[in-house]
Amino acid sequence: MMASSTHWGRGRVSRATVRRSGSGSRRRTVAQALLVGALLALVVVAAGCAGGQPDVLRPGGSGAEKILTLTLQIVSILGVVLLTVWILLAIVIIKGRRRPESQASQTRGNLGIEILWTAIPAVIVAVLLILTVRTTLQIALPARGAQFTSIGHQWWWEFDFPNEGFKTANEVYVPVDRPVSIDLKSTDVIHSFWVPQMGGKVDMNPGHVNHIRFVPLKTGRYLGECAEFCGVQHGRMRFLFIVTTPEKYSAWAHDQALPARQPTGTDAIAGGQLIPTIACGGCHAIRGTAMKGAFGPDLTHFGSRSGIAAFTLLNTPQNLLAWLQDPQKVKPESKMPRIPLPLQEQQQLVAYLEELK
Ligand code: CUA
């Protein structure tokens with residue numbers, strides 16, 4: 001830019017040509033600036049409207065709240081910068097058009113201006129850095145007495161409550177307004193624990209324990225997801241993070257610690273007799289039965305959960321039947337094999353599993 005403006009009129013190109021192309025590039029600049037502005041507005045609107053998905057503009061936890069505050073601070077500062085540049089640009093464009101023959105004044109070698117426009121961005125960047133580092137330090141609460149462990153698997157979440165004596169999968173309750181401290185592990189590849197409305201994400205590495213700690217501030221059902229690409233079904237590795245009252249949390253933990261209920265319906269009873277005789281127990285455990293597998297999700301209270309296969313499907317009898325009939329069709333390359341059974345037996349298994357509240 002500077003080279004072309006300082007050497008105007010020196011080359012063979014006529015002034016008129018330069019002016020034409022100059023005003024063309026200005027128009028392009030204005031059009032680009034408008035486009036960027038429109039895209040930014042679209043992103044903000046889209047983020048606000050995304051129904052059913054994690055909404056980072058509505059934080060429910062201490063970390064997410066601080067991240068939102070930081071985001072708004074940065075957007076405000078950068079908004080002022082952007083606005084200033086746009087206003088200056090508009091002034092230059094309007095003034096330059098009124099005086100088509102005039103040349104831009106030359107500022108090369110002006111030490112004062114050089115220092116000024118090095119100092120201003122440096123100050124802006126320093127302020128952004130201080131705000132970011134301060135927020136990061138506030139979010140990273142020191143690890144202390146984990147209540148439970150979350151273990152990443154391809155492609156589901158295990159939640160292990162050693163003190164209460166139970167394991168569950170893909171759905172976990174925590175009490176509101178109390179710091180929650182979670183140990184994070186992985187059994188296979190690197191996953192990343194992320195409940196966007198609670199706070200930042202933390203990697204789950206095989207052979208190493210990480211920790212995350214934050215305070216859930218608002219009751220609600222929050223979607224958690226894996227934030228590290230971990231294979232073909234990375235996008236279907238989600239869980240439900242339910243923030244509830246201390247009383248409801250205690251009731252949930254108490255129920256989860258109980259062994260599996262005895263089935264009552266005719267089909268459910270038949271399903272309960274059938275399930276230990278087929279392959280399911282190789283991978284799944286149901287406490288209170290002979291099934292002790294540890295490779296797949298613990299099914300002791302499967303019926304109490306809202307989702308199937310890490311929220312690939314909602315937990316309804318129809319969806320469960322579809323999942324049992326052909327897991328590879330529902331979630332290709334998941335570790336759940338297809339076990340060929342007559343329809344009646346599949347329906348008995350569904351009846352039994354749905355009774356495991
Ligand atoms: Cu697990 Cu991505």
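Ligands are counted one by one from 1 in listed order, and the atoms in each one are counted from 1 as well. Just so it is clear, the structure is predicted and the values come from calculations on it, not from any experiment.
- Of the possible polar contacts, none joining the Glu225 side chain to the Arg238 backbone as a donor-acceptor pair under 3.5 Å is found.
- Between the side chains of Arg221 and Ser306, at least one donor N or O sits under 3.5 Å from an acceptor N or O.
- Among protein atoms, those of element N, O or S found less than 2.8 Å away from atom 2 (Cu) of ligand 1 are Cys226 SG, Glu228 O, Cys230 SG, His234 ND1.
- Looking only at distances, a side-chain donor or acceptor of Asp188 sits under 3.5 Å from a matching main-chain atom of Gln154.
- Side-chain N/O atoms of Gln233 and Glu333 include no donor and acceptor closer than 3.5 Å.
- No side-chain donor-acceptor contact under 3.5 Å links His284 to the backbone of Gly293.
- Using a distance-only test at 3.5 Å, with no hydrogens or angles considered, no donor-acceptor pair links the side chain of Glu354 to the main chain of Gly303.
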